[in-house]
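Input: a single structure, listed below in structure tokens.
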Amino acid sequence: MNEHAVKVLDAYFDADTLSVPHAVLIEGRWGSGKTFFLQNVYEPARMREMNAKRLHHTPFLFVSLFGATSAADVEMRIYKAACPGEAIAAGIAGTIALGVGEFFRVKDATKGAMDKLGKKAIKRLNDFVFVFDDLERMEKTAFGEVMGLVNSLVAEHGRRVLLVTDETKLEELVGGDMWKDQNEKIVGRRAHIEADYESVIHSTIGNMPNGSAKSFMGARIDDLLEIAMASEIQNLRNLTWAMHNASAFVDCLIGDGEIPERHVASTMGVVLATTLGMRGGLLNAETLERLPGLATTLAFRSVGNNHAPLDPQLLQAKTFSDKFGSLSLDTPPIDYGFINGFERSGVMDPLQVNSWIKTQFGFGKEHAEPSWRRLWLSHERPMKDTDEAVAILAGELAKRVHTDNGPILHSAGLAIRQWGMNDQRLTAGEDVVAYFEKYIDEVAAAGLLEAMKFDHFPAGFDSHGGLGFSSTETGEFQHIATYLRAKSLEKAAAKRHERAVSIFAEAEAGDFEALFKFIRTDDPELSQTPVLLDIPVDHVAEFMSRDVPELSAGSKLLAYRYHRTMPGDPVLEELQWARDVYAAVVGKLAQWPEPHRAMALHSMNSLIRYYERDKQPEDRIIPPPKEAEAETEMQDA
């Protein structure tokens, strides 16, 4: 990686004399690893090469120009970088009193008297290649003066100088013409640096303390590199952080002999990819919540013929999961909450992490692995384990133990697989489809079936590794999945009905703010589904016509609930219901005494019309003003 840059620098440093004095520009976008390349890749390799040839290597002196305000400021930074101990001992940090500029003889540079420390600094400065980093981050007003200092080093003193910058940002700082002028005057060669994932990975592992975690990751560099390349991340600082997070989790798990290495490796990969996603702005906490069971969610959208666009979080989760297909990010070996928490705080409870993993995956003497997972993985285990797993799962199915959608579908998928191998023990010889239809009916009749969440089929972590869902392409699986989805939707609808009735009862009891639960975007089950159809029109009208506070609360519900809807939104199925409620309320307001009737009607109409002002007449609750006025006149008559 970056072989061209190596060739450019070797030619620069191997030349006995420079026919034209110049500096070399090391350029690349922010975070691409320019400084890392020089510090951790090129200079160490050059040092080894020169030592092998028994030649002198001139060390690099890295000087950051971040925030530099003048050439004098840069001179002091040079001195501090070359002689940090002396600068501190002399108590001159932040001052310009060494006369380093006398050595450079640069216009407007420092003109202080030489003291002993200054002489030492000057002597030592002869032993360095100057590397001026962050060129684009100095103060704009200092640019000309600092480049004069660089020109003096190159032209008057024949020194080797490297300028490190993001050239695009530098042009934005000083302007294209000014940079073009200085570039032509000072820069003779240039080298572009690309993000070097492999060097960062090797360096990070090399700097880890010796131990099992270091050995484990060192043996899997190719896997780590594959993930980094798939991420297409450009900022190597993010890769460094991601490697740090991955190593922390490896160190946490590798010491527990009950957690197999394959699981540690899977966790390492997921932590690396997830951290890269979070640091690169591809993931947030909400998106992470949509990753577990993602494949199942998308499959059931397909089964349900749901062709509506994916919501932003679900789309983001799918995009991210597709990028790292080999990691099965929708079936993670670690709770994403642990990764997110560690990324935010740097704090991890190893006992909690390991306990979660062992409980979830059945590792260790104290934990039992779910029967469907044991059966799925039995091809890697002794034959008796397969027989035991079949017997356990068959017994659980006979007792209707599993009531969540994920385990039911896993079991169905495994039963289909086993039937294909002439093993009918899971369903006691009964046809798989008929068996699971009866299973689902009985669990649903007992009120135990999991209700489908809004636009999401939560298989959760039980979808680990695909398991029974490997049968998803078969007609039997599709039939069972469709049947289960319908029953699960019925359960969800019943639960929504119970919630809607309960909330309206709260409002009737005096908690008018409860009606806002039907509007909150963070509760899509209530705000994006037509749950109000379950509330009788007369019931709502009676409530709204009690008094002014109730009318105000109900009017806000009608006004806000449909304000941001788009054609095709399920909640628009309520529109005729809302019109009927409005008409019923208008009729009941006719019984109010004046001026309260007129004031109440005006207030309700004004609020609803305000939020409907951009809608077409057919999408409004209240007819256009003229028609509404005519209706009001008829009511008055």
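Note that the numbering runs from 1 along the sequence shown for the chain. Predicted model, so just to flag it, every value in this text is computed and none were measured.
In this structure, Thr274 and Ile334 have side chains that are not in contact, with every pair of non-hydrogen atoms separated by 4.5 Å or more. The shortest side-chain heavy-atom distance between Asn405 and Ser488 falls under the 4.5 Å cut-off. Looking at Arg237 and Arg279, their side chains never come closer than 4.5 Å, going by heavy atoms from C-beta outward. Proximity of Ile622 to Asn605: side-chain heavy atoms (C-beta onward) are separated by under 4.5 Å at one or more points. Looking at Asp256 and Ile357, their side chains never come closer than 4.5 Å, going by heavy atoms from C-beta outward. With contacts defined as side-chain heavy-atom distances shorter than 4.5 Å, the pair Ile480/Phe477 does not qualify. Residues Ser411 and Leu414 fail the side-chain proximity criterion, which asks for heavy atoms closer than 4.5 Å. Looking at Leu589 and Met604, their side chains come closer than 4.5 Å, going by heavy atoms from C-beta outward.
Put simply, the side chain of Ser502 never gets that close to the backbone of Glu498: no donor and acceptor are under 3.5 Å apart. Side-chain N or O atoms of Arg546 include one that pairs as donor or acceptor with a backbone N or O of Glu508 at under 3.5 Å. Panel note: side chain Asp335, backbone Gly337; a donor-acceptor pair is recorded below 3.5 Å. Judged purely by atom type and a 3.5 angstrom limit, His263 uses its side chain to pair as donor or acceptor with the backbone of Pro333. No donor-acceptor pair under 3.5 Å is formed between the side chain of Asp569 and the backbone N or O of Leu572. For the pair Ser231 (side chain) and Leu276 (backbone), a donor-acceptor distance under 3.5 Å is absent.
Using the six-membered ring where Trp is involved, Tyr439 and Phe436 have ring planes that are tilted, between 30° and 60° apart. Ring orientation note: the planes of Phe249 and Phe342 are nearly perpendicular, at an angle over 60° on the 30°/60° scale.
Figure legend: Arg520 and Phe516 shown without cation-pi pairing, the cationic atom not lying both under 6.0 angstrom from the six-membered ring centre and within 45 degrees of its axis. Under the 6.0 Å distance and 45° angle rule, Arg400 counts as a cation-pi partner of Tyr435.
Ionic pairing of Asp614 and Arg620 is not present here: no N-O contact between side-chain nitrogen and carboxylate oxygen is shorter than 4.0 angstrom. Remark: Asp311 engages Arg290 in a salt bridge, criterion side-chain N to carboxylate O under 4.0 Å. Salt bridge annotation for Glu450-Lys491: absent, with no cationic side-chain nitrogen under 4.0 angstrom from a carboxylate oxygen. Of the charged side-chain nitrogens involved, at least one lies within less than 4.0 Å of a carboxylate oxygen, so that Glu594 and Arg597 count as a salt-bridged pair.
Side-chain contact annotation: Ser545 with Trp592, donor-acceptor N/O pair under 3.5 Å absent. Defined by atom type and a distance below 3.5 Å, a donor-acceptor pair is present between the side-chain atoms of Thr275 and Asn245. For Glu612 and His563, the side-chain atoms include no donor-acceptor pair closer than 3.5 Å. Using a 3.5 Å distance cut-off with no hydrogens or angles, the side chains of Asn284 and Thr287 do pair a donor with an acceptor.
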- Audit row: Tyr483, Asp441, side-chain hydrogen bond (donor to acceptor under 3.5 Å, both in side chains) steps and yes/no: CA-CA 10 Å; Tyr483 194 82; Asp441 286 342; 2.6 Å; yes
- Message: Could you walk me through whether Arg496 and Asp534 satisfy the salt bridge (charged side-chain N to carboxylate O under 4.0 Å, His left out) test, starting with their C-alpha distance in whole Å, then the side-chain angles of each, then the deciding distance to 0.1 Å, before giving a yes or no?
- Response: CA-CA 9 Å; Arg496 286 196 297 269; Asp534 297 329; over 6 Å; no
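What you find for Leu327 and Gly269 is that their closest heavy atoms are CD1-O, 3.6 Å.
Between Phe543 and Phe504, the distance separating the two ring centers is shorter than 6.0 angstrom.
Atom NZ of Lys615 has more than 12 heavy atoms from other residues, nucleotides or ligands within 6.0 Å.
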